[in-house]
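First up is the structure itself, then whatever we jot down about it.
Residue numbering restarts at 1 for every chain, and letters A, B, ... go by the order of the sequence lines. Owing to the predicted nature of the structure, the values given are computational and were not obtained by experimental measurement.
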Amino acid sequence: MGGIGASVRRLEDPPLLRGTGCFAADVNLPGQLHMRVVRAGLAHGRILSIDTLAAAAIPGVVAIWTGADVASLPPIGFRQMGLTALEPYRQPILAQGVVRYVGEPVALVFAEDPYVAEDAEELVLVDIEELPVIIRATDPIGDFDAAHGTEPTIIRKEYGDVGAAFAAATHVVELDLIVGRHTGVPLETRGALAEFDDATGMLRMHGASKVPHANRLAIARMLDLPSERLHLHEGHVGGGFGIRGELYPEDVLVCLAAMRLGRPIKWIEDRREHLMAANHSRDQRHHIRAAVDAKGFVLGVEDTFFVDQGAYVRTHASTVPDLAAGMLPGPYVFPAYAAAAHVRLTNKTPAGTYRAPGRFEGSFVRERLMDAIADRLGMDPVAVRRINLIPSSAMPFDRGIDALGTPLVYDSADYALLLDKFLRHLGYDALQARLAARRAAGEHVGAGLAFFVEKSGLGPFDDVRLELYEDGRVELITGVASVGQGVDTSLAQITADQLGLSYEQVTVTHGQTDRIARGMGAFATRVTVMTGGAIVLAAAKLRQRLLAKAAELLQQPMDSLQLRDGVAGPTTPGPAIALPALITACLAEDGTDRLTAEATFESGHMTYPYGIHLAVARVDAETGGVSLERFAVAYDIGRAVNPLLVEGQIQGGAAQGIGGALLEEFNYTDDGQPLSTSFADYLMPSCAEMPPVDILLTEDAPSRIGTLGVKGAGEGGTTAAGAAIAAAVDAALGRRVPITQLPITPARLRAAIAGR
Amino acid sequence: MTTQRITLTVNGMTHAIEVEPRRTLADTLRDQCGLTGTHLGCEHGVCGACTVIVDNQPVRSCLMFGIQAEGRSIRTVEGLADGATLSPLQQSFWDHHGLQCGFCTPGFLMLATWLLERETPIDEAELRHVLSSNLCRCTGYQNILKAVREAAKGLGKWVESAPA
Ligand code: FES
Ligand code: FES
């Protein structure tokens, strides 16, 4: 039971329900010291002095470090999409003479107790001479340092003849659009615990997630250690969303300190630090223009945008602007396209990816454009979209540009079919009629709809090892990681499906660099596709071995046999052999205690799931408050491994998308002081703000990567939420106040209504 | 730092510990009593991940000092299951996929345990009103609401709201 397609409950849950989970803060080691980071209180300035005397005098303080103590270590490098032009902007692990954002690590306190460490941190006096602050990506370009400006690069993507498209246009529609600064904010803050064993020379770090293998190599390189002397271990992880598990200064610092101080070093961040120091995301300003013919067909699109990278370029390097520019065209034909992404350094917390990176922003921009075209031409928003969709007959569809370093080829899709199904599912015409009647009666209500294309299954490879024990239990060892999304269960289901077992017989081991040599990790919604692909290959080897033995024992041709429900036997009723007996027979032959199979799945392409969001919004014209009456998501997943978990991903993603559309924003003063440093200021949806999320899951366009047909589900709940909600608010206000900025806060909306 | 000797009663067991007066109940439970099921998401009273039950009231253990809990009856997530058997609420969270990363789960379980133990029946508005005091970043809440709703039904505590 519990094969592919079954909505089984999760293997992960029992310890989490009992309170016996093992999150980073739950790990303790004898003799551990607690690290506390002293952070910059000014957004840009030269460090004149750091006075640690008073702090060092507190009993229980063991050591205090400043930038000078780690000056020989290199800055944090890039994990993906690195560009030479970005290298001067990498972050040192402790500030080296200059601070560039409030929250930047400046010094470290190590103490016997976390409360004492915090007492001492408050006594470290950092004297900073202020330098000019840049707070918006669209501010004039300034100096990063003597040799480098604050615009390291412009990323361009283009195809077709944009000039000709505009020359031929009947209408040109232009918009200026802003997406606010927000981020993943997992409920568990970051944390790490490092231990160094002097006798063996082994360094271990607990609290890893997302990309343990990549971080292992990066830390080893920075500390100048052979990588086999370092292992990273992942425990339970309290949410990822793109930001967690990237290599941050603090990860390297705990490792270095464990070696230098000869004691385990524990670091658990507090929420205020998290909101100032972990990656931010989004924060883009777009100027987009479309060349449109008389019927509403878009001939060409030109987009110039500014990305607020914050104070340094971190591990993601150019990932977000690259994805934003590459995937902005979405599901539409757009015969000509040119995008220019200006990457700008400012004096804010550095930025990286957050669920649907670049696509949340790009979908907002593109779908606002489609609504504006509909308005200009007096067309129905659904009709404008429909005539611009790429037809299913054009699949696979090659955009002629790259995204994440892979050619952007939509592998399979039927956008129009999903639109039809969704409109029927929603009872769209009746819904619009009801809303129109309510508007006529004086209510401000409206519906908005937005398309999106997602990506998943980023390669280039994934390895798995399957170990089958005598009693029929299987251990699946993979180099991916879990960030709390249900990886164990889905991978166990795929394994069970391939071996004719119950998913409960499968144990999944991930995130342990000492169990498997390499691994790409869990990001970009890649796990189900890539690891699933590898499981199919490894399981086929085991199946081959088992069925060959069964054929011998049952005296039947092998191709008449199958593995099912823990038994090897004929596809039609007949004599069969239970799996444990069969395994025992194989093991006796091999003289081992388990059957092992390894496989690598490789892919140079991504797979592109897609969907549509619909929001129904009600606006209080007095206060500018927006409430959502309904939120619906149509999503073609290719094939769902566990629909219950897929729906859970979409519901959770939708909440984050809704947060980004209505509530969440990192605000700063003009001198770069962050104003959103607690949950009282950085507002996330509670269940009171969440409408029921209605999900239509379809499997009309199976992936062409691998044999399973699966596409990922991690991000599709988020992608078009901002766009759909903006359209709904527009509709609620009778299209008189076009929404051009997210989040749609009450203050902004009230001002817009008053100023119209 | 001066410490005080206190005895805490947690899930019916007594813990004789020595604790600084400034230490929060959450840290005391986690560090002194070894009960790490109570999680800290914000340490300033907003997220509810640290919710425990003190004398039959849900309490944010990050906003109370350990020494203030002396002489009171404290319940944490570790006390919900009866040996191998999950409580009906825990079981319902499992059955209805009411958790993803599980970090917020202990707080929600304790809050909802308190809700289900009250005399008064629960309707949808009350359910949402009470659960809106805790944050979850993964689930979008729908399955948390469902898990509590179904558990309430199983316990005969649910009433359908009057249609609006
Ligand atoms: S940790 Fe206590 S309310 Fe957030
Ligand atoms: S399940 Fe992750 S925060 Fe709630």
Is B/Y141 in contact with chain A via its backbone, its side chain, both, or neither, using a 4.5 Å heavy-atom distance?
side chain
What one should report as the nearest heavy-atom pair of A/L187 and B/C104 is CD2-CB, 3.4 Å
The interface call for A/I658 against chain B, heavy-atom contacts under 4.5 Å, is neither
Quick one: what part of A/T20 sits under 4.5 Å from any heavy atom of chain B, side chain, backbone, both or neither?
neither
Any Lys/Arg nitrogen of A/E647 or B/K146 sitting under 4.0 Å from an Asp/Glu carboxylate oxygen of the other?
no
Return yes if a side-chain donor-acceptor contact under 3.5 Å exists between A/E689 and A/S686, otherwise no.
yes
Closest heavy-atom pair, A/E112 versus A/V62, reported as atoms and distance to 0.1 Å, is OE2-CG2, 3.6 Å
Region of A/F23 in contact with chain B, defined by heavy-atom distances below 4.5 Å:
side chain
Find the one option among B/R30, B/E43, B/Q91 whose heavy-atom pairs under 4.5 Å with chain A are most numerous.
B/R30
Evaluate whether atom CZ of A/R630 has more than 12 neighbouring non-hydrogen atoms of other residues, nucleotides or ligands under 6.0 angstrom away.
yes
Is the closest side-chain heavy-atom distance between B/L145 and A/C687 below 4.5 Å?
yes
Most heavy-atom pairs under 4.5 Å with chain B, out of A/P15, A/G648, A/P114, A/A688, belong to A/G648
Comparing B/G45, B/G37, B/G41 against chain A, the one with the most heavy-atom pairs below 4.5 Å turns out to be B/G41
Quick one about B/E18 and B/T3 (side-chain donor to acceptor, distance below 3.5 Å, no hydrogens or angles considered), yes or no?
yes
Contact class of B/Q90 relative to chain A, heavy atoms under 4.5 angstrom
both
B/L109 versus chain A, the contacting section by heavy-atom distance below 4.5 Å
side chain
Using heavy-atom distances under 4.5 Å, tell me whether B/V46 contacts chain A through its side chain, its backbone, both, or neither.
side chain
Looking only at B/H129, B/R23, B/H96, the option with the highest number of non-hydrogen pairs under 4.5 Å against chain A is B/R23
So that I can tick it off, tell me whether A/R36 and A/E273 are bridged by a salt bridge, with the cut-off set at under 4.0 angstrom between side-chain N and carboxylate O.
yes
Checking B/T139 against chain A: side chain, backbone, both or neither under 4.5 Å from a heavy atom?
backbone
Top of A/G21, A/P186, A/S678, A/A655 for chain B proximity - count of heavy-atom pairs under 4.5 angstrom:
A/S678
For chain A, which of B/T105, B/D27, B/L35 has the most heavy-atom pairs under 4.5 Å?
B/D27
Do B/N11 and B/T76 have side-chain N/O donor and acceptor atoms under 3.5 Å apart?
yes
Could you look at A/A654 and say if it's the side chain, the backbone, both or neither that has a heavy atom under 4.5 Å from chain B?
neither
Proximal component of B/R128, with respect to chain A [non-hydrogen, under 4.5 Å]
both
Do A/R618 and A/S627 have side-chain N/O donor and acceptor atoms under 3.5 Å apart?
yes
Examine the side chains of A/H510 and A/E234 and answer whether a donor and an acceptor come within less than 3.5 Å of each other.
yes
Can you say whether A/N28 sits under 4.5 Å from chain B via the side chain, the backbone, both, or neither, judging by heavy atoms?
neither
